[in-house]
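A short worksheet on the structure shown next.
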Amino acid sequence: MIYTNFREIDKLGRIVISKDIRNHLDIKPGDVLHIEASDDSITIKKAEAGCVFCGAKENLTEFQGKHICRQCLDKLKN
């Protein structure tokens with residue numbers, strides 16, 4: 001199913017993402033969104049957790065709100 005909305009940008013440059021879309025993508029308050037602009041379009045995606053050092057998406061440990069993969073964590077220990 002495709003969700004489509006038209007939203008006006010407010011004076012501070014903000015837009016509201018409809019409840020339908022937030023529910024569909026499981027976006028909750030505090031989630032991080034990845035916003036990318038190219039030529040004449042803007043893409044907004046729910047950001048995936050990744051290692052702050054290498055970007056790995058698996059075997060993550062959270063430390064003070066940041067994600068670190070097992071391999072980078074081992075390197076830090078040495």
Side-chain angles (χ1 to χ4, degrees):
M1 178 180 280
I2 296 175
Y3 293 87
T4 303
N5 288 178
F6 291 90
R7 297 289 185 205
E8 189 173 310
I9 297 175
D10 73 10
K11 292 177 185 178
L12 297 176
R14 299 175 296 195
I15 59 170
V16 174
I17 299 172
S18 72
K19 186 175 181 178
D20 295 354
I21 292 173
R22 292 192 321 267
N23 287 342
H24 177 71
L25 297 175
D26 194 31
I27 296 172
K28 296 179 177 61
D31 285 349
V32 176
L33 300 178
H34 175 241
I35 303 171
E36 183 175 277
S38 62
D39 298 328
D40 64 346
S41 65
I42 298 170
T43 304
I44 302 173
K45 297 179 182 179
K46 186 174 178 179
E48 294 182 35
C51 176
V52 294
F53 297 110
C54 71
K57 306 282 187 232
E58 297 178 356
N59 300 318
L60 299 176
T61 300
E62 188 171 337
F63 177 72
Q64 295 184 349
K66 305 290 182 189
H67 292 95
I68 304 170
C69 72
R70 177 62 51 201
Q71 188 174 14
C72 289
L73 188 59
D74 291 342
K75 288 178 185 178
L76 288 170
K77 289 179 182 178
N78 297 328

**Study point:** Apart from Leu60 itself, residues in the same hydrophobic cluster as defined by side-chain heavy atoms under 4.5 Å
**Key:** none

**Study point:** Contact list for residues 68-78, test side chain to side chain donor-acceptor pair (under 3.5 Å), sequence neighbours left out
**Key:** none

Review point. If you draw a 6.0 Å radius around CD in Glu58, do more than 12 non-hydrogen atoms from other residues or ligands fall strictly inside?
Key: no

Practice item. Grab the two heavy atoms, one from Cys51 and one from Cys69, that are nearest each other, plus how far apart they are. Key: SG-N, 3.4 Å

Review point. With ILVMFWY side chains joined below 4.5 Å, transitively, what does Val52's cluster contain besides itself?
Key: Phe53, Phe63, Ile68, Leu73, Leu76

Can you give each donor-acceptor pair under 3.5 Å made by side-chain atoms of residues 30-38, sequence neighbours left out, with the distance rounded to 0.1 Å?
{"from": "Asp31", "atom 1": "OD2", "to": "Lys28", "atom 2": "N", "distance (Å)": "2.7"}

Hey, can you pull the donor-acceptor pairs under 3.5 Å for the side chains in residues 6-21, sequence neighbours left out?
{"from": "Arg7", "atom 1": "NE", "to": "Val16", "atom 2": "O", "distance (Å)": "3.3"}
{"from": "Asp10", "atom 1": "OD1", "to": "Leu12", "atom 2": "N", "distance (Å)": "2.9"}
{"from": "Asp10", "atom 1": "OD1", "to": "Gly13", "atom 2": "N", "distance (Å)": "3.1"}
{"from": "Asp10", "atom 1": "OD1", "to": "Arg14", "atom 2": "N", "distance (Å)": "2.9"}
{"from": "Asp10", "atom 1": "OD2", "to": "Arg14", "atom 2": "NE", "distance (Å)": "2.8"}
{"from": "Asp10", "atom 1": "OD2", "to": "Arg14", "atom 2": "NH2", "distance (Å)": "3.0"}
{"from": "Ser18", "atom 1": "OG", "to": "Asn5", "atom 2": "OD1", "distance (Å)": "2.7"}
{"from": "Ser18", "atom 1": "OG", "to": "Ile21", "atom 2": "N", "distance (Å)": "3.4"}

Review point. Counting only heavy atoms not in Lys57, do more than 12 fall under 6.0 Å of its NZ?
Key: yes

Point to revise | Pairs satisfying ring pair (Phe, Tyr, Trp, His ring centres under 6.0 Å), at least one member in residues 7-30, at least two apart | key: Tyr3-His24

